[in-house]
There are 2 protein chains.
Amino acid sequence: MELSSSLEDYLEAIYNVIKVKTAARATDIAKKLNVANSSVTNALQILVNRGLVNHAPYDIITLTPKGRKIAKQIAWKHEVFRDFFTTVLAIDHDTANKCACSIEHIIPDLVVERFVQYLDFERRCKYGGKRWVDGFGFMRNEIPDEKDPCEICKEKQESNARSKK
Amino acid sequence: MELSSSLEDYLEAIYNVIKVKTAARATDIAKKLNVANSSVTNALQILVNRGLVNHAPYDIITLTPKGRKIAKQIAWKHEVFRDFFTTVLAIDHDTANKCACSIEHIIPDLVVERFVQYLDFERRCKYGGKRWVDGFGFMRNEIPDEKDPCEICKEKQESNARSKK
DNA sequence: GCAGTAAATTAGATTAGTCTAAAGTTATTA
DNA sequence: TAATAACTTTAGACTAATCTAATTTACTGC
């Protein structure tokens, strides 16, 4: 049974609150997602019906094993995308989070897996790793052969040298 | 005035049909987006009201300058993402297209711009460029210093050498 | 030039997700 | 313990996007 982006957001929010507080209240979720309390009530009823959330009226909110599993998966995607946006694309933390939050519901697992592999390679490979320099663009963190950098890095090295005079 | 993902899809579909046919018909759009004809009529009325599309009942469909500008922007994002998914992450064309199609409405221009820069750097830098090998993972297209590859690439070289015996 | 077909529109229904306002419940504290 | 505050739920309305079925319009081939 497919979950809408909206319901996934609720599930993820519950998951994140529970990580800190052991159980969630409707208001926590409402604040986190910036929606009305009644919208939370509405979503909870659906999630309870689908067996993803434990909740009786006026009671606290927890996840069923099934719900936790799904929530974890969503949170994982969020992490991967935030990581990618911040470390690879050098996007500011806030924008990275927002982007992650919207695409996490859309990109299939297989593609997220590929992002993970890419991040991993970029980190572990000796010749991997770039950084973003405002007003210049991307450049390698370390140039494998200092005497023979690529054209772009050479450009940067020269402009650096010039500015030091 | 913000456009919904759905309306952006219609605009983009019109743009793509027009690229090939000079003017679009409602059925073209319906087929492209896999929706009922009446849904297209409905969307057209909104887009006409917003000054993005030229269309009188039963007539052909074209874009206003304003509409074309927006459509172009959406199509550009689509291109960038498809490019990224296929060339950087080595995702199959079909999945790449689907992913591009859903995130193109969500990711802000500034972030797409960063993807462009990343793609560009990866292509132009002497030490950039990786490829995906099924069952192995990412590896560099060319190892800068053949005698001193990174650990991951070394692994791959060795397993290649072994399989050639 | 008109009959038949293809295309487009209208009308009306449905669904999901949201909201506000009012009513109900629980917890706090004087 | 009774009043009040804080929280939750219910009720009802609204919007956007879709659908099907029925109607209207336009085109095409004879």
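In what follows, chains are A, B, ... by sequence order, proteins preceding strands, each numbered from 1. In this text, all values refer to a predicted model and were calculated from it rather than measured experimentally. Side chains included, hydrogens not; waters and symmetry mates left out as well; all remaining heavy atoms used.
Here the P atom of nucleotide C:dT15 and the CD atom of A:Glu2 are 19 Å apart, to the nearest Å. Computed from coordinates, the A:His55 NE2 to D:dT9 C1' distance equals 9 Å when rounded to whole Å. Spacing between atom NE2 of A:His105 and atom C1' of C:dA16 amounts to 15 Å, rounded to whole angstrom units. For the pair A:Ile29 CD1 and C:dG17 P, the interatomic distance rounds to 16 Å; values are reported in whole Å. In this structure, the CG atom of A:Leu44 is 12 Å from the P atom of C:dT18, given to the nearest Å. Distance, A:Ile61 CD1 to D:dT8 P: 7 Å, rounded to whole Å. Rounded to an integer number of Å, the gap from A:Leu11 CG to C:dG17 P is 13 Å. Distance, B:Ile60 CD1 to D:dC27 C1': 15 Å, rounded to whole Å.
Ion pair B:Arg124/B:Asp120 flagged as a salt bridge, since at least one NZ, NE, NH1 or NH2 atom sits closer than 4.0 Å to an Asp/Glu carboxylate oxygen.
Clustering of Ile, Leu, Val, Met, Phe, Trp and Tyr by side-chain heavy atoms under 4.5 Å joins A:Leu7 with A:Leu3, A:Tyr10, A:Leu11, A:Ile14, A:Tyr15, A:Val17, A:Ile18, A:Ile29, A:Leu33, A:Val35, A:Val40, A:Leu44, A:Ile46, A:Leu47, A:Val48, A:Leu52, A:Val53, A:Ile61, A:Leu63, A:Ile70, A:Ile74.
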For nucleotides 11-23 of chain D, 5' to 3', base contacts (B), sugar-phosphate-only contacts (S) and non-contacts (-) with protein non-hydrogen atoms under 4.0 Å give ------SBBB---
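Within the structure, side chain to side chain donor-acceptor pair (under 3.5 Å) pairs that include any residue of residues 43-56 of chain B comprise B:Asn54-B:Thr62 (at least two apart or interchain).
Of the candidates A:Glu12, A:His78, A:Glu8, A:His105 forms a side-chain hydrogen bond (donor to acceptor under 3.5 Å, both in side chains) with just one, namely A:Glu8.
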Decide yes or no on side-chain contact (heavy atoms from CB on, under 4.5 Å) for A:Glu113 and A:Leu110, but give the supporting numbers first.
CA-CA 5 Å; A:Glu113 207 71 77; A:Leu110 204 133; 5.5 Å; no
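Look at A:Arg25 and you'll find a side-chain N or O under 4.0 angstrom from OP1 or OP2 of D:dT8. Remark: B:Gln45 is not in phosphate contact with C:dT9, judged by side-chain N or O atoms under 4.0 Å from OP1 or OP2.
Residues B:Phe115 and B:Phe121 keep their aromatic ring centres 6.0 Å or farther apart.
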